[in-house]
Amino acid sequence: MPSVAESTLGVRADFPIFAGRPDERPLIYLDSGATSQKPQVVIDALAGHLRDHNANVHRGVYPLAQEADAAFESARAQIAAFTGATPQTTIFTKNVTEAINLVAYSWGRANIGPGDAVLITQMEHHANIVPWQVLCRERGATLRYLEVDDRGELSLSALDAELARGDVRLVAFAHVSNVLGTINPVAEMTARVRAAGAVSLVDGAQAVPQMAVDVEQIGADFYGWTGHKALGPMGIGVLHGRGEILQEMEPFLTGGDMIASVDFQSATWNELPWKFEAGTPMVAEAVGLGAAVDYLSALGMDRVREHERSLTAYMLEGLARVPDLRVVGPPEADGRGALASFTIGGLHPHDVAELVSRSGVCIRAGHHCAQPLMRCLGVGATARASVGVYNDRSDIDALIDALLAAREVFALDAP
Amino acid sequence: MDDLYRDYILDHYKQPRNFGELEPHDLEALEHNPLCGDELGVHIRVCDERIVDLRFQGHGCAISQAAASIASEELKGMTLAEVEQLDADWMIDLLGIPVSATRRKCALLNLKVVRGAVTGDHAWPT
């Protein structure tokens with residue numbers, strides 16, 4: 001097991017929110033799985049673009065418009081490089097939800113029909129369930145689920161068995177589970193899907209912010225992620241797609257910017273990636289996300305992963321000291337992303353989250369947009385603590401103290 | 001003493017009144033709190049347009065369970081016309097704790113389910 005050498009990256013001062021809270025309580029932010037806090041460089045990039053370079057993109061001939069164009073497309077190039085993709089196959093969306101819907105509508109409606117199956121897993125976020133439910137219902141196809149085992153993991157042989165049935169056209173799965181934290185063997189999975197002649201989609205919302213991701217190496221046909229969990233602004237997501245598949249697809253949203261030319265009755269489509277970007281795009285947000293991936297690259301994603309793995313290991317040790325606390329998902333930090341979901345006997349997760357917030361500790365409670373998984377786990381909800389680059393051991397200590405205090409409020413040890 | 005988790009709230013949470021099934025019953029409903037996936041159902045026995053008995057079933061946080069337990073004692077004996085008139089303020093006042101905006105639905109889930117059973121109106125109480 002790697003050592004617990006690096007338990008702080010020493011970057012908290014880069015994130016102004018930690019200094020700027022109006023009340024006396026410290027901000028113990030352990031909800032980065034929901035959204036990350038933003039470093040000053042991202043805030044400056046967003047504001048700087050709006051202040052100094054704002055114009056609409058793509059058709060302006062004056063210098064300011066050309067600056068906006070250059071800023072937008074250079075952000076795309078930075079973001080594509082961060083995940084090992086090419087700019088032409090890096091499409092901006094609103095978020096991962098929109099990225100998955102884009103595939104479900106544009107690829108799914110042309111390629112899925114009666115008798116076909118879409119395979120997803122029991123650990124998916126609603127964003128990677130509902131678009132497929134709607135597609136399958138509309139096209140007369142079947143939606144099937146790969147099971148999650150007792151360790152919170154998927155089985156490659158179960159995937160093989162599903163693919164051997166011969167009807168699976170698309171397999172969609174999370175890179176890292178937002179509830180269990182499980183890091184799925186995505187490269188092995190996409191290779192199997194490809195060998196079976198099916199198409200793969202990976203939901204990278206939780207993965208991209210916390211580990212080095214190379215979409216070429218992973219080999220997914222589609223890989224979606226979102227900016228706001230990766231230190232960037234809300235309102236910008238990314239869909240990487242395989243070029244030859246994107247070329248064949250019809251557009252998702254239609255209108256301005258995504259056309260080559262428009263006649264009275266028909267239109268032709270713009271080239272990649274703009275074919276999939278209808279309307280005025282989120283330019284400042286792209287610039288902000290460009291600054292975010294630069295910031296992460298400078299930290300080094302391997303260092304980020306080691307920091308968060310070590311903090312997660314420390315958190316798992318701490319949680320084990322809380323009576324009647326049960327963590328769901330893989331037992332060791334090595335196989336999991338930077339989060340822990342848990343239940344405490346006699347305490348509803350909402351009450352847990354409310355009580356720890358009295359000490360400034362921010363965690364999430366609920367079904368985490370994964371109700372089918374909650375049913376598999378036999379719980380209605382869990383509390384979830386997730387760490388980011390700015391956290392250190394003091395945040396975990398505060399969480400554990402607050403959990404022990406929460407049990408006292410409910411007098412759980414009283415005779 | 002915690003502002004929200006007062007002794008009587010914890011007492012109703014740990015030993016909820018009027019919880020379980022009620023057979024036979026005349027009215028029933030089941031509702032979810034979309035925020036947390038909590039579930040609450042109710043069985044109501046009616047005689048002469050009046051609630052003579054009721055039982056809640058389900059699971060939820062201390063606020064939602066205590067609210068259901070406390071309300072159950074008030075609802076028994078009310079006429080259906082009276083239940084129709086109950087609003088969010090009635091429930092919040094009855095609960096007697098400062099309920100934040102995010103926990104409001106926890107407090108109101110039981111009234112939503114009871115009003116749903118009695119009137120067929122499944123909207124959140126206002």
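Sequence lines set the chain letters: A, B, ... in the order given, protein chains first and strands last, and positions in each chain run from 1.
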Item to check | Spacing of NZ belonging to Lys94(A) relative to CE belonging to Met234(A), to within rounding of 0.5 Å | outcome: 13.0 Å
Checklist entry - For chain B, which residues from residues 143-151 of chain A lie under 4.5 Å away (heavy-atom distances)? => result none
Next on the checklist: For the OG atom of Ser32(A) and the CD atom of Gln37(A), what is their distance to the nearest 0.5 Å?
Outcome noted: 7.0 Å
Checklist entry - In terms of heavy-atom proximity below 4.5 Å to chain A, should Ile9(B) be classed as side chain, backbone, both, or neither? => result neither
Checklist entry - Can you tell me how far CG of Leu27(A) sits from CG of Asp395(A), rounded to the nearest 0.5 angstrom? => result 8.5 Å
Checklist entry - Just how far is it from atom CD1 of Ile120(A) to atom CG of Asp203(A), taken to the nearest 0.5 Å? => result 11.0 Å
Item to check | Main-chain N/O of Val179(A) paired to Ser177(A) side chain as donor or acceptor, under 3.5 Å | outcome: yes
Next on the checklist: Distance check, rounded to the nearest 0.5 Å: Ser394(A) atom OG versus Ile28(A) atom CD1?
Outcome noted: 6.0 Å
Checklist entry - Passes side-chain contact (heavy atoms from CB on, under 4.5 Å), Phe173(A) versus Leu119(A)? Steps please. => result CA-CA 9 Å; Phe173(A) 46 93; Leu119(A) 181 65; over 6 Å; no
Next on the checklist: For the backbone of Leu339(A) and the side chain of Ser386(A), can you confirm whether one donor and one acceptor N or O come within less than 3.5 Å of each other?
Outcome noted: no
Taking 3.5 Å as the threshold, show me the donor-acceptor pairs across chain A and chain B, one per line with distances to 0.1 Å.
from	atom 1	to	atom 2	distance (Å)
Gly346(A)	O	Tyr13(B)	OH	3.3
His348(A)	NE2	Asp38(B)	OD1	2.9
His348(A)	NE2	Asp38(B)	OD2	3.2
Asp351(A)	OD1	Tyr5(B)	OH	2.7
Asp351(A)	OD1	Arg103(B)	NH2	2.9
Asp351(A)	OD2	Ala62(B)	N	2.5
Glu354(A)	OE1	Arg103(B)	NH1	2.4
Arg358(A)	NH1	Asp2(B)	OD1	2.7
Arg358(A)	NH1	Asp2(B)	OD2	2.4
His367(A)	NE2	Pro34(B)	O	3.1
Phe410(A)	O	Lys14(B)	NZ	2.4

Next on the checklist: Show, in sequence, the C-alpha distance, side-chain angles and deciding distance for Leu4(B) and Ile63(B), and conclude whether the side-chain contact (heavy atoms from CB on, under 4.5 Å) test is met.
Outcome noted: CA-CA 8 Å; Leu4(B) 192 57; Ile63(B) 306 304; 3.8 Å; yes
Checklist entry - Quick one: does Lys38(A)'s side chain have a donor or acceptor within less than 3.5 Å of a partner on Phe15(A)'s backbone? => result no
